[in-house]
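This report concerns only the one structure given below.
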Amino acid sequence: MSNYILKYARDERVKYISHLDFIRTFHRAVRRTDLKMSFSQGFNPHPVMTIAMPLSVGITSDCEYIKIGFDGDYSCDEIMEKLNGAFPPGFEIRAVVLAEGKKYDFAQLNRAIYVVEAECNDTELFDAEAFMKNQELKVMKKSKSGVKESDIRPYIYDLSANVLSKDKLILTMCVAAGNEYNLKVDTVIDAMQKYTQGFSVKFFAAHRKAILAGENELI
């Protein structure tokens, strides 16, 4: 068995597909090829695969990662070509590498960059620089122990805003992501509304641009 890391994108056409539905879609795509997935041992064998930071429903991405085992001697280009030929529209494998040692360890991933198009009541009300000067940003955040107030300021590493029109902003944010602490875009939006007087967001569309291990992407 050889393990590979696949970097893939999800566009607008598949942004409402859930994590479990994606896993089923991926399994079906592999079965359409002659690639042979590795399976676990035991009474209930399942494919040897791990997905890094499952994407929230409604968000597009250029940078999702999956680790998968294949029984066979396949080149990285061969895997990418065959899977892209089998995937439904909306999914695309962007890169494939052979996983060796801890170089591509998903546990290293700890932050994500999002680009967010936000429709709001008045773009002039929001000042990204002033927002980032807050010493604390306490909002209600869902965790494994329930919903409770949390200070998310230490987990927003960068945030900038570009004005497109009177009621539309493009936000670029780098936030904590991963097993230790995972900050969602909507929680940052909640903080922006709470700590900016009179400011409200009517709708936003988020795109995950990169998942990082420190300052670097895995691939």
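Positions are given from 1, in the same order as the sequence printed here. Scope of the values below: all heavy atoms of this structure, side chains included, with no hydrogens, waters or symmetry mates.
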Excluding sequence neighbours, so at least two apart, what forms salt bridge (charged side-chain N to carboxylate O under 4.0 Å, His left out) with Lys36? none
List, by chain and then residue number, the residues other than Val115 in its hydrophobic cluster (Ile/Leu/Val/Met/Phe/Trp/Tyr, side-chain heavy atoms under 4.5 Å); write none if there are no others. Leu164, Ile170
Side-chain contact, heavy-atom cut-off 4.5 Å: Tyr16 with Val57? yes
Which pair of non-hydrogen atoms, one from Thr33 and one from Ala86, has the smallest distance, and what is that distance? CG2-CB, 3.8 Å
What's in the same ILVMFWY side-chain cluster as Ile5, cut-off under 4.5 Å, chained through other members? Met53, Tyr65, Val97, Tyr104, Phe106, Leu109, Ile211, Leu218, Ile219
Give a yes or no on whether a salt bridge exists between Asp11 and Arg13, defined as a side-chain N under 4.0 angstrom from a carboxylate O. yes
Check residues 146-153 and write down every donor-acceptor pair under 3.5 Å in which the side-chain atom is one partner and the other belongs to a residue at least two apart or another chain.
unit_1	atom_1	unit_2	atom_2	d
Ser150	OG	Tyr181	OH	3.2
Asp151	OD1	Leu137	N	2.8
Asp151	OD1	Arg153	N	3.2
Arg153	NE	Met132	O	3.1
Arg153	NE	Asn134	O	3.3
Arg153	NH1	Ile156	O	2.9
Arg153	NH2	Met132	O	2.9

Taking Lys194 for its side chain and Lys138 for its backbone only, find out whether a donor-acceptor pair lies under 3.5 Å. yes
What do the steps show when you test Ile189 against Leu171 for side chain to side chain contact (heavy atoms under 4.5 Å, CB included), and what is the final call? CA-CA 10 Å; Ile189 297 290; Leu171 304 166; 3.9 Å; yes
Are Val201 and Leu169 packed together at the side-chain level, in the sense that at least one heavy-atom pair is separated by less than 4.5 angstrom? no
According to side-chain hydrogen bond (donor to acceptor under 3.5 Å, both in side chains), does anything in residues 120-131 pair up with another residue at least two apart or in another chain? List the pairs. Asp122-Lys166
Is the NZ atom of Lys184 crowded by more than 12 outside heavy atoms at less than 6.0 Å? no
Qualifying side-chain hydrogen bond (donor to acceptor under 3.5 Å, both in side chains) pairs with a residue from residues 210-219, counting only residues at least two apart or across chains: Lys7-Glu217
Are Thr172 and Lys209 packed together at the side-chain level, in the sense that at least one heavy-atom pair is separated by less than 4.5 angstrom? no
Are the side chains of Ser2 and Leu98 in touch, meaning some heavy atoms are under 4.5 Å apart? yes
With a 6.0 Å cut-off on ring centres, are Phe91 and Phe22 close enough? yes
More than 12 heavy atoms from other groups under 6.0 Å of CG on Asp73: no
